[in-house]
Each structure stands twice: as C-alpha cells, then as structure tokens.
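Encoded as structure tokens, the structure appears first; notes follow it.
Just so you know, these numbers use all the heavy atoms, side chains as well, and skip hydrogens, waters and symmetry mates. These numbers come from a predicted model, not from an experiment.
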Amino acid sequence: FMRMLYSTGVSADARWLDVMKQCSALETYRTALPSYGLRKDAFCAYRAQRQKLERIEAGSRARRARQEMLELLQDKVAIAGNSDDSGRPFMCLDDLPPTLASAITRDERYAALDHAQSDRVAIVESFFRDRARERRVVLEEKRRVGMSEMLKTLEALETDGKISDRVAQRDALAACDARVNSAHKGNDLASERLSEADRRAVFERWLREAQVRASEKRAAERETRREA
C-alpha cells in the first residue's frame, strides 16, 4: 500500500481525503489492505516517513549548497587577497572590488541557496569573520616567531661581546638589524616585519635578562677574587 502511495507521487503534505480520490480506483488500494482503518493508518505512517525523508534531503541540499557557496567565496576572494589598497581587511561583499562582488552574486552557486536573503548574508558574514580570524592567527604566529628570532639575535650579540646591558636601545637594534641582514641576505624574516613597539618590547625583555646575567657574572667574579 505504501509503495503504491509512493509510485503515484503522494506528497508528504497530502490529505487523506485527496489520496482516497486519487487512488481509490487502483486495485492495490482495494486489495493491499482489507479495511479503511488500516489504509488510513498506512497513509499516516507513509506521510510521516515521507516528511522525515524530505527533511533529510532538504538538510543535505542546504549543506551542499552552503559548501558550494563557501568554495565560491574562497575561490573568488582569494583573487583579491585579504585587504583593500588601504590595508583594511575585507569583511563583507561590499568591501570587495565591485566587479568581483558582482561575479560572486551572479554565480549559480550563490543563487542555488534555498535560504532567505538574510540567511545568505549570514553565511557570507560568517565566511569573512572566519577568514579574518584565521588571518589574525597567522599574523600573531608570525609576530611570535619574529620576536623570538630577534631575542635570539640580541642574545647572540651579547654572547659575542658586541653589545652589553649598558648598550643604548638604538645601537642594540642597529646591531641586531646588521646581524640579521648579514646572515640572511635576501630572505624574508619574520623579525624584519615587527612593529617598532614589538621591537622595543623585545629589546626591553632582553635588557632585563641581560642585566640579571651581568649582575650574576659580577657577583661571581667578586666571589672568585675573595677566594683568591
């Protein structure tokens, strides 16, 4: 009986009275089940299954459309980079160059979403938020690596006797830059992309540690002289 309902195209929102009119002339309708009550129960079970199946299919279509739209955004926005000419990061379609934004909205993957316009906008905004967050993570890691590289360079200069805890910040940074440029000529190092505030913070950290090391060294030398 349920196979008959499916083969005749009975939808998930069909009414029982309409199904009776549509199928009552069919032999399967009359012979598959012996009573009116069993037929109606089978119809209700069929409709529940069909509704569940349609919800699953709708969810699958929505996920597929969302994934295809995210791939569209990824492909198109990659062309424009991460920010505009002023360095301001892209946070929505309106921030993109007009021709690129138009190419996205005309794409069949953009139009394929069954959602309301507000849902489509939410997907786009979520994409740009995630992209901005990923970029912040990458930049922060580059900053951490750059500060670590610079600190190691200052420590190496101290070990080599090129600078001490009494050196001026300007001279220490100049010596650091010279060492980096000499050792890694032509390479793009994270330490070279640090802001002045970060460079100052690294220098101040090194200076505090260098002063502790110098103090400990002087104390050890005094102790050695006393023992001698």
Side-chain angles (χ1 to χ4, degrees), residues 1-84 88-142 144:
F1 188 86
M2 294 174 72
R3 284 197 298 270
M4 176 205 67
L5 295 176
Y6 182 81
S7 64
T8 54
V10 175
S11 66
D13 57 355
R15 297 186 307 169
W16 172 237
L17 292 178
D18 294 333
V19 171
M20 289 175 61
K21 295 177 182 178
Q22 178 181 343
C23 301
S24 59
L26 300 176
E27 181 179 356
T28 304
Y29 177 86
R30 298 190 303 270
T31 61
L33 293 171
S35 69
Y36 171 90
L38 291 175
R39 294 184 193 117
K40 186 172 183 181
D41 289 344
F43 163 74
C44 292
Y46 165 83
R47 191 169 65 171
Q49 289 181 9
R50 190 66 184 265
Q51 289 172 345
K52 180 179 179 180
L53 179 61
E54 290 183 359
R55 286 195 300 270
I56 293 173
E57 291 174 345
S60 178
R61 286 195 303 271
R63 287 191 296 273
R64 185 166 56 251
R66 175 185 173 87
Q67 182 60 37
E68 289 177 352
M69 183 171 175
L70 290 174
E71 291 173 357
L72 162 67
L73 292 169
Q74 187 68 42
D75 294 344
K76 296 295 187 182
V77 175
I79 299 173
N82 294 303
S83 58
D84 60 19
R88 187 170 66 93
F90 298 128
M91 292 304 296
C92 64
L93 290 182
D94 291 340
D95 293 339
L96 298 174
T99 54
L100 183 57
S102 178
I104 291 174
T105 56
R106 292 199 313 268
D107 193 285
E108 62 181 11
R109 289 171 289 179
Y110 185 88
L113 280 172
D114 294 331
H115 303 293
Q117 176 65 15
S118 59
D119 293 333
R120 184 181 289 112
V121 169
I123 292 174
V124 173
E125 291 177 347
S126 176
F127 166 80
F128 281 104
R129 280 197 305 270
D130 291 344
R131 184 180 174 85
R133 181 168 57 251
E134 291 169 0
R135 176 165 171 75
R136 285 195 300 271
V137 170
V138 170
L139 292 177
E140 184 57 33
E141 176 61 14
K142 289 182 178 179
R144 185 194 66 77

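- Contact of the Arg63 side chain with the Arg66 side chain is not registered, since no non-hydrogen atoms from C-beta on lie closer than 4.5 Å.
- Taking the side chain as every heavy atom from C-beta outward, Glu141 and Val138 never approach each other to under 4.5 Å.
- Looking at heavy atoms from C-beta onward, Tyr46 lies out of side-chain contact with Met4 at the 4.5 angstrom threshold.
- Arg50 places a side-chain N or O within donor-acceptor distance of the main-chain N or O of Val10, the cut-off being under 3.5 Å.
- A 4.5 Å side-chain heavy-atom check between Val19 and Arg47 finds every atom pair outside the cut-off.
- Between Leu70 atom CG and Arg131 atom CZ the span is 12.0 Å, to the nearest 0.5 Å.
- Atom CZ of residue Phe43 and atom CG of residue Leu5 lie 7.5 Å apart, to the nearest 0.5 angstrom.
- Distance check: Lys40 NZ to Leu17 CG gives 7.5 Å after rounding to the nearest 0.5 Å.
- The shortest side-chain heavy-atom distance between Leu93 and Leu73 falls under the 4.5 Å cut-off.
- When all heavy atoms of Ser24 and Arg30 are compared, the pair lying nearest together is O-NH1, 3.5 Å.
- Side-chain atoms of Arg39 come within 3.5 Å of backbone N or O of Tyr29 as a donor-acceptor pair.
- Gln49 CD to Gln51 CD: the interatomic distance, rounded to the nearest 0.5 Å, is 11.0 Å.
- Residue pairs meeting the salt bridge (Lys or Arg N to Asp or Glu O under 4.0 Å) criterion with at least one partner in residues 6-28, sequence neighbours excluded, are Arg15-Asp18.
- In terms of modelled atom types and a separation under 3.5 Å, the side chain of Gln22 and the main chain of Thr8 share a donor-acceptor contact.
- In this structure a side-chain-to-backbone donor-acceptor pair under 3.5 Å is missing from Ser102 to Pro98.
- Phe1 places none of its side-chain heavy atoms less than 4.5 Å from the side chain of Leu38.
- Across Leu96 and Phe128, no two heavy atoms sit closer than the pair CD1-CZ, 4.2 Å.
- To the nearest 0.5 Å, atom CD1 of residue Ile123 and atom CD of residue Gln67 are 10.5 Å apart.
- Here CG of Asp107 is found 9.5 Å from CD of Glu68. Values are rounded to the nearest 0.5 Å.
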